[in-house]
K.L.:
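Questions regarding the structure given below will be posed in turn.
Predicted, not measured: the structure shown is a model, and the values here were computed from it. Residues: numbered from 1 along the sequence shown.
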Amino acid sequence: MKSQAEQLLDEYKRIRNVDLTLDQFLYVLNLYPSLIVCMCDGVLDKEEWDGVLRLAKGLALEYGDGMDKEGLEQLEQSFRTEFRYLLDNIEKWQKKFLNALKNHIGSNREDKEFILESMYLFANAADGISEVEQETIHMLSERLALDY
């Protein structure tokens, strides 16, 4: 039987027509709370978007083993496009992504720490952590049982 994350990936691929591996999707899933934090004030700051671009580049390098320069650029562009889509469609995916993520991380301490650190990193990207960002991190931490 497929995990909740695998089922969500199937649904996401049907709607988005993207070629993501489960491993790549799980990475995006772990970063999803950070995207929510980026958008919680209703504005994607330049510094936050720069962070997203760095993530896309890092993911392309992580998953682009053996690819030529053009292949790496396409992979990076693909991640950028999906992050942009998810930022623009937070409402549509939030419940499904958070449910699948909570189910996926279970009691995995490393994943939980990564998710929490990523949220704080993005919240701090532009002029420190605002009250609404702090509240959002708190809400997501409780929702995902991150035990911070």
K.L.:
Does the side chain of R109 reach to within under 4.5 Å of the side chain of L146, using non-hydrogen atoms?
P.N.:
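No, side chains not in contact.
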K.L.:
About how many Å separate CG of D88 and CE of M39, when rounded to the nearest 0.5 Å?
P.N.:
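That separation rounds to 6.5 Å.
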K.L.:
Rounded to the nearest 0.5 Å, how far apart are CZ of R16 and CH2 of W93?
P.N.:
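Rounded to the nearest 0.5 Å, the CZ-CH2 separation comes to 9.0 Å.
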K.L.:
Rounded at 0.5 Å granularity, tell me how far CD in Q7 sits from CG in N103.
P.N.:
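Between Q7 CD and N103 CG, I get 9.0 Å after rounding to 0.5 Å.
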K.L.:
Regarding Y12 and E82, do their side chains bring together a donor and an acceptor under 3.5 Å, going by distance alone?
P.N.:
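Result is yes, a qualifying pair exists.
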K.L.:
Looking only at heavy atoms, what is the nearest atom pair of A123 and I137, with distance?
P.N.:
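Reported closest heavy-atom pair: CB-CD1, 3.8 Å.
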K.L.:
Ignoring hydrogens and angles, tell me if any N or O in the side chain of K112 forms a donor-acceptor pair with the backbone of A145 under 3.5 Å.
P.N.:
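Checked: pair present.
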K.L.:
Report yes or no: do Q74 and S78 form a side-chain donor-acceptor pair below 3.5 Å?
P.N.:
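Side chains of Q74 and S78: no pair found under 3.5 Å.
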K.L.:
Answer whether the closest heavy-atom distance between the side chains of L29 and L9 falls below 4.5 Å.
P.N.:
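SC-SC contact between L29 and L9 ruled out.
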K.L.:
With side-chain hydrogen bond (donor to acceptor under 3.5 Å, both in side chains) as the rule and sequence neighbours excluded, what pairs involving residues 28-46 come up?
P.N.:
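Pairs touching residues 28-46 that pass the test: K46-D50.
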K.L.:
Any side-chain heavy-atom pair from Q24 and L59 closer than 4.5 angstrom?
P.N.:
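Answer no - side chains too far apart.
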K.L.:
I'd like to check L55 versus F83 (side-chain heavy atoms, cut-off strictly below 4.5 Å). Are they in contact?
P.N.:
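Side-chain contact under 4.5 Å: yes.
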K.L.:
From L35 CG over to N89 CG, what is the distance, rounded to the nearest 0.5 angstrom?
P.N.:
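L35 CG to N89 CG: 11.5 Å, rounded to 0.5 Å.
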K.L.:
If you round to the nearest 0.5 Å, how far is CG of L121 from CG of L31?
P.N.:
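Here the rounded value is 10.5 Å.
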K.L.:
For side chain to side chain contact (heavy atoms under 4.5 Å, CB included), just list the numbers for L26 and D111, CA-CA rounded to whole Å, side-chain angles, deciding distance to a tenth of an Å, and then say yes or no.
P.N.:
CA-CA 10 Å; L26 290 174; D111 278 351; over 6 Å; no
K.L.:
Between Q134 and H138, do the side chains contain an N or O donor and an N or O acceptor separated by less than 3.5 Å?
P.N.:
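The criterion, which ignores hydrogens and geometry beyond distance, is not satisfied for H138 and Q134.
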K.L.:
Evaluate N99 against R143 for side chain to side chain donor-acceptor pair (under 3.5 Å), listing each step before the verdict.
P.N.:
CA-CA 9 Å; N99 286 342; R143 172 86 173 69; 2.4 Å; yes
K.L.:
Is the shortest side-chain heavy-atom distance between L98 and I36 below 4.5 Å?
P.N.:
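The answer is yes; the side chains approach within 4.5 Å.
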K.L.:
Parallel, tilted or perpendicular: which describes the rings of Y63 and F79, with under 30° parallel and over 60° perpendicular?
P.N.:
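Y63 and F79: tilted rings.
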K.L.:
So, does E6 use its side chain to make a donor-acceptor pair with the main chain of S3 at under 3.5 Å?
P.N.:
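Yes: the side chain of E6 pairs with the backbone of S3.
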K.L.:
Could you tell me whether R84 sits above the aromatic face of W49, with NZ or CZ closer than 6.0 angstrom to the six-membered ring centre and within 45 degrees of the axis?
P.N.:
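Judged by the rule (NZ or CZ under 6.0 Å from the ring centre, within 45° of its axis), R84 counts as positioned above W49.
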K.L.:
One pair to check against side chain to side chain contact (heavy atoms under 4.5 Å, CB included): I115 and L140. What are the steps and the verdict?
P.N.:
CA-CA 10 Å; I115 292 163; L140 289 168; over 6 Å; no
K.L.:
Looking at D10 and R14, is there a salt bridge between them, counting it only when a charged N and a carboxylate O are closer than 4.0 Å?
P.N.:
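No, no charged N to carboxylate O under 4.0 Å.
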K.L.:
Enumerate, atom names and distances included, each donor-acceptor pair closer than 3.5 Å involving a side-chain atom of residues 125-133, sequence neighbours excluded.
P.N.:
| residue | atom | partner | partner atom | Å |
| --- | --- | --- | --- | --- |
| S130 | OG | E133 | N | 3.2 |
| S130 | OG | E133 | OE1 | 3.3 |
| E133 | OE1 | S130 | N | 2.9 |

K.L.:
One pair to check against side chain to side chain contact (heavy atoms under 4.5 Å, CB included): V37 and Y120. What are the steps and the verdict?
P.N.:
CA-CA 9 Å; V37 171; Y120 274 107; over 6 Å; no
K.L.:
Once you round to the nearest 0.5 Å, how far does SG of C40 lie from CD of E135?
P.N.:
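It comes to 9.0 Å.
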K.L.:
Measure the shortest side-chain to side-chain distance between Y85 and K92 over non-hydrogen atoms and say whether it is less than 4.5 angstrom.
P.N.:
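Answer yes - side chains close enough.
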K.L.:
Decide yes or no for M67 and L75: does some side-chain heavy atom of the first lie under 4.5 Å from some side-chain heavy atom of the second?
P.N.:
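Yes - at least one pair of side-chain heavy atoms lies under 4.5 Å apart.
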K.L.:
So do E76 and L53 actually touch side chain to side chain, heavy atoms under 4.5 Å?
P.N.:
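Answer no - side chains too far apart.
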